[in-house]
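Chain identifiers are assigned alphabetically (A, B, ...) following the order of the sequence lines, protein sequences preceding nucleic acid strands; residue numbering begins at 1 within each chain.
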There are 2 protein chains.
Amino acid sequence: MVSDRPTANGVVPMMKDMTTTERRRDSGRTKAEILQVAQREFARKGYAGARVDEIADLMRTTKRMIYYYFSSKEQLFLAVLEKAYAEVRAVEQKVDVTHLDPVEAIRTLAELTFDHHDAHRDFIKLVSIENIHEAEHIRKSATLANLGTPVLDLIERILAAGKANGEFVTEADAVDVHIMISSFCFFRVSNAYTFGALFGRDMTAPENRARLRTMVGELVVAYLRGAGAKD
Amino acid sequence: MVSDRPTANGVVPMMKDMTTTERRRDSGRTKAEILQVAQREFARKGYAGARVDEIADLMRTTKRMIYYYFSSKEQLFLAVLEKAYAEVRAVEQKVDVTHLDPVEAIRTLAELTFDHHDAHRDFIKLVSIENIHEAEHIRKSATLANLGTPVLDLIERILAAGKANGEFVTEADAVDVHIMISSFCFFRVSNAYTFGALFGRDMTAPENRARLRTMVGELVVAYLRGAGAKD
DNA sequence: CTCGTAATGTACGAACTGGTGAGTTAACTT
DNA sequence: AAGTTAACTCACCAGTTCGTACATTACGAG
């Protein structure tokens, strides 16, 4: 066997210069890159449609590395999901609306949720994919259980404040309010494609975006004020 | 759902008896059965995850027939989608709420939509799958363009009536109202799995079903009455 | 009854796809 | 300097999976 020198992929520079902190072998970075590329591939093609080979081809790592770090396609997908959810939680926890009056607080929460969904299309696709598979991966993950409680606490506090000052009349449950907000924001992004094809309107287009963003808030506030109840 | 098979299941009997009207070769029925089984398979596994061989194994037909009638996996999927949408349209067109007053009409429409989504889980999964693939199949279909107009007409009439009698204050667009209703009903079913895993509540469970069903109507009515607007 | 054709059964294959065995190299420790 | 091990490369395989070539059979027309 002639051991022809692996001249790398031509991309990685040979550096003896150790002043740079960059390392040619870096497990953390390789793992992170795999997760990033895998997320895009899964989101674009679905779980079964995504190809491990393709994920590998899209980066400077090889397929062997994927299995080295993640053991299987399924565990890779789970890792992608966990990372995506973690990012979401991180953003949500920065939300502080406690200083606002209840109506403004719930409106703001709705709009922030709207913006967040708008900005994380890949995440939404991953969740859709996971739902098609009836959450079989999430259920295996301990990390992801009861990830929702922080938001629920927030909503609960807002609802309590709203009732206390008389602005909210409807007896509403925090989870239900969360469903109202999420469903609207999620659907607008997740179903934009078929909706556009069937109704000839792009829900994600800029001219619709602003109007729909306002709508979420108004919707929830109107409900909480009790205007929808039968009299 | 015609099941005119004399034998419960098992092998088709060799019959020289021609008094029976049943034909052992029946293209229409074979096609229908393929579509039915394929729908379930696609809904359960996603587009790429569905296996043509498995679809064949799940019936009394062979894989060869699938290709004989549908040419390719992709065209089979499209046919499944078209059939599913056709059934939906058929149901929607039977809805008549014109005799009701506007508030009751929109509430009823919302609840009917709710029931409809509740009863057609497979359809919802197919739509989710199609959205993951950015509606690439639907776009190829002439049959499915502007399928939504009937519902929009209905909503428009209700909105006009509501404004006329003063019950609706909000300047609302028919498509937007449809989004409000659909998003809630669709999300409740499509995302029930991940939602259940994260929030520990099954949105499709009977005890929640009834409450959420009432909520859709109240939500939309509250919004249309203008209670959510900033003053 | 015979013949043409639509409908169906059988067997197979080429390309793919998740996963692995085994060796190699870089970086760190002592 | 030598040893240790984590990080990485390369070639390969066994099982799938979509799709097809070809043989066969039932049905209806004439």
* Under the ring-ring contact (aromatic ring centres under 6.0 Å, His included) rule, what do A:F123 and A:H117 come out as? Steps first, then yes or no, please. => CA-CA 8 Å; A:F123 170 70; A:H117 280 68; 7.4 Å; no
* Using side chain to side chain contact (heavy atoms under 4.5 Å, CB included) as the criterion, point out the one residue from B:V216, B:T113, B:V220 that pairs with B:F184. => B:V216
* Structure fact -> Residues of residues 48-58 of chain B with a heavy atom under 4.0 Å from any atom of DNA chain D, listed by number, are B:A50, B:R51, B:V52, B:D53
* Structure fact -> From the list A:D122, A:I34, A:I55, side chain to side chain contact (heavy atoms under 4.5 Å, CB included) partner of A:Q39 resolves to A:D122
* Can you find a pair of side-chain heavy atoms, one from B:M65 and one from B:M59, that are under 4.5 Å apart? -> no
* Under 3.5 Å, is there a donor-acceptor pair between the side chain of B:R188 and the main chain of B:M203? -> yes
* Can you find a pair of side-chain heavy atoms, one from A:S128 and one from A:F186, that are under 4.5 Å apart? -> yes
* Asked: Rounded to the Å, how far apart are A:R29 CZ and C:dA26 P?
  -> 16 Å
* Asked: Would you call B:T204 and B:R121 a side-chain contact if the rule is heavy atoms closer than 4.5 Å?
  -> yes
* Look at the side-chain N and O atoms of A:T62 and state whether any lies under 4.0 Å from the OP1 or OP2 oxygen of D:dC8. => no
* **Flag, side chain of A:K31 to backbone of A:D26, donor-acceptor distance under 3.5 Å** => no
* Strand-adjacent residues in residues 66-80 of chain A, judged by heavy atoms under 4.0 Å from DNA chain D -> A:Y68, A:Y69
* Output yes when a side-chain donor or acceptor of A:N131 lies under 3.5 Å from a complementary backbone atom of A:V127, and no otherwise. => yes
* Can you check the B:K63 NZ to C:dA7 C1' distance for me, whole Å? -> 18 Å
* Structure fact -> In whole angstroms, the gap separating C1' of C:dT8 from CD of B:E33 amounts to 14 Å
* **Candidates C:dG21, D:dA6, D:dC18 - which lies nearest the side chain of A:R64** => C:dG21
* Structure fact -> Expected list for residues 129-137 of chain A near DNA chain C, using heavy atoms below 4.0 Å, is none
* Would the number of heavy atoms belonging to other residues, nucleotides or ligands and lying under 6.0 Å from CD of B:E136 be above 12? -> yes
* Would one find a side-chain N or O of A:S27 under 4.0 angstrom from OP1 or OP2 of D:dA7? -> yes
* Phosphate oxygens OP1/OP2 of C:dT8: is one of them under 4.0 Å from a side-chain N or O of B:T61? -> no
* Do any N or O atoms from the side chain of B:S141 and from the backbone of B:H137 form a donor-acceptor pair under 3.5 angstrom? -> no
* Asked: What's the CZ-P distance between A:R25 and D:dT4, to the nearest Å?
  -> 18 Å
* Residue B:M65, side-chain atoms from C-beta onward, closest of C:dG9, D:dG19, D:dA6 -> C:dG9
